[in-house]
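First listed ligand is number 1; within each ligand, the first listed atom is number 1.
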Amino acid sequence: MSTSSSEDSELSAGCAVHEALHWAAQHLEAVDGRAHQQARWLLAEVRGQSSTQLAADARAPLTEAQRQQFTALVARRVQGEPLQHVLGHTNFYGLRIQVSPDVLIPRPETEAVVEQALALLANVEAPRIFDAGTGSGCIACALKHERPDAQVAAGDVSEAALDVARANGTALGLDIAWHSFDMDAPDAAAAVPNALDLLISNPPYVPDHEADTLSAVVRDYDPPEALFTGPDALRFYRALAQWGYTAVRPGGHLLVETHADGADDVARLFRMHGWTDVHQNNDWAGRPRMVWGRRS
Ligand SMILES: C[S@@+](CC[C@H](N)C(=O)[O-])C[C@H]1O[C@@H](n2cnc3c(N)ncnc32)[C@H](O)[C@@H]1O
């Protein structure tokens, strides 16, 4: 071994893959229980290899550039930066989605919302879909990937987020129309395609006064405009329920992700605005995390 056992040690020049992994796991143990796995993911990224290729190359030496890059990535992770930001991408519904500090890191519970969207559209040919507040574009990309016959459009108020979403659509070879759009504007319906079969959204849903209840990693690394609603937690659901009724065709659906404590309020709001067959569903952890309704 050319590394010492001290956690403060530097990674030696010319070290082998297995030595670099051992060194990184020692450092990463302080921040993550999956230290060995994270070390493998980070080194695989640096070497442009899969984890399997990495294992096969266990005795191969790192180049100096790889050693420096790996050391820098491990240091960022040790300082608490989420793995997805350190890598610059994540996996969402089987797709590689690029992320940046300008977008919310796609969450596993949102995959359950995509699953529900696909179920609602199962019998609709060439469905027309709009994803409001698209962020990284993860929902729009997953839906277009699963339903190549769909006409998918998506919008966000953040131009920086739209740049990331557009890059994801292009990298994945998906034909999606990206719109600069404010879902809180009175004329929002005019800015989206009409006669939608599905209006889908994972909007911001944390009222400002609950900021302290968020974990530090969410507060520090997700963009505030992706999280906070101002004083009213229902602000964006109210807007979507209102203008969505114009944008969605009769028989079409509005489907939203919600806060685990907010699904009942959102369902009530949907009914108030005329949506029928309003349902809630749980995420894979058993918490109510989505609401949908049908335009009658
Ligand atoms: C919770 S994030 C969801 C991002 C992505 N859809 C996902 O599920 O990972 C909410 C998104 O809504 C966007 N947003 C916030 N206010 C908006 C507004 N008034 N109009 C449109 N998008 C908005 C944010 O920029 C952010 O990308």
Verify same cluster id: [X], [Y] (apolar side-chain graph, 4.5 Å):
{"X": "Leu83", "Y": "Leu28", "result": "yes"}
{"X": "Val17", "Y": "Trp41", "result": "yes"}
{"X": "Val248", "Y": "Leu198", "result": "no"}

Check whether any N or O atom of [X], backbone or side chain, sits under 3.5 Å from an N or O atom of ligand 1, and answer yes or no.
{"X": "Val157", "value": "yes"}
{"X": "Asp131", "value": "no"}
{"X": "Asp156", "value": "yes"}
{"X": "Cys138", "value": "no"}
{"X": "Asp182", "value": "yes"}
{"X": "Arg107", "value": "no"}

- Message: So, taking the atom named CD in Glu19 and the one named CZ in Arg67, what distance separates them when rounded to the nearest 0.5 Å?
- Response: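 It comes to 12.5 Å.
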For [X], the ligand 1 atoms whose distance to one of its heavy atoms is below 4.0 Å:
{"X": "Leu104", "value": "1 (C), 9 (O)"}
{"X": "Phe181", "value": "20 (N), 21 (C)"}
{"X": "Gly135", "value": "4 (C), 27 (O)"}
{"X": "Met183", "value": "18 (C), 19 (N), 20 (N), 21 (C), 22 (N), 23 (C)"}

- Task: State if Val103 counts as touching ligand 1 under the rule of any non-hydrogen atom under 4.0 Å.
- Result: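 No, Val103 has no heavy atom closer than 4.0 Å to ligand 1.
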- Query: Applying a strict 4.0 Å limit to heavy atoms, is Pro204 in contact with ligand 1?
  - Reply: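 Yes, that is the case, since the closest heavy atom of the residue is under 4.0 Å from the ligand.
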- Considering all heavy atoms, the nearest Pro207-Thr229 contact: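 Reported closest heavy-atom pair: CA-OG1, 3.3 Å.
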What protein heavy atom sits nearest [atom], and how far off is it?
{"atom": "atom 8 (O) of ligand 1", "value": "Asn202 ND2, 2.9 Å"}
{"atom": "atom 15 (C) of ligand 1", "value": "Glu225 O, 3.1 Å"}
{"atom": "atom 5 (C) of ligand 1", "value": "Thr134 O, 3.3 Å"}
{"atom": "atom 1 (C) of ligand 1", "value": "Ala226 O, 3.0 Å"}
{"atom": "atom 11 (C) of ligand 1", "value": "Gly133 O, 3.4 Å"}

- Item | N-O pairing of Lys144 and Asp175 below 4.0 Å |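 Salt bridge between Lys144 and Asp175, a charged N being under 4.0 Å from a carboxylate O: no.
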- Does Arg47 pair with Asp57 as a salt bridge, N-O distance under 4.0 Å?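 Looking at Arg47 and Asp57, the cut-off is met.
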- Of the backbone atoms (N, CA, C, O) and the side-chain heavy atoms from C-beta on, which set of Thr110 has a member under 4.0 Å from an atom of ligand 1: side chain, backbone, both, or neither?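 It is the side chain that touches ligand 1; the backbone stays farther off.
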- Message: If we set the cut-off at 4.0 Å for heavy atoms, which region of Leu227 has an atom near ligand 1: side chain, backbone, both, or neither?
- Response: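 The answer is neither.
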- Query: Is there a side chain to side chain donor-acceptor pair (under 3.5 Å) between Thr71 and Glu10 once you walk through the steps?
  - Reply: CA-CA 8 Å; Thr71 304; Glu10 282 192 8; over 6 Å; no
- Hey, is the main chain of Met183 close enough, under 3.5 Å, to the side chain of Trp243 for a donor-acceptor pair?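 Yes: the side chain of Trp243 pairs with the backbone of Met183.
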- Item | Any donor-acceptor pair under 3.5 Å from Asp102 side chain to Ala160 backbone |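 No: the side chain of Asp102 does not pair with the backbone of Ala160.
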- Query: Of Tyr205, Phe236, Phe92, which has the heavy atom at the shortest distance from atom 16 (N) of ligand 1?
  - Reply: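 It is Phe236 whose heavy atom sits nearest to atom 16 (N) of ligand 1.
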- Message: Go through it in stages, so that I can follow the logic: the residues are Phe181 and Phe130, the test is ring pair (Phe, Tyr, Trp, His ring centres under 6.0 Å), and I'd like the CA-CA distance, side-chain angles, deciding distance and then a yes or no.
- Response: CA-CA 11 Å; Phe181 135 101; Phe130 189 81; 5.0 Å; yes
- Message: Can you classify the ring geometry of His259 versus Tyr205 as parallel (below 30°), tilted (30 to 60°) or perpendicular (above 60°)?
- Response: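 If you compare the ring of His259 with that of Tyr205, the planes turn out perpendicular.
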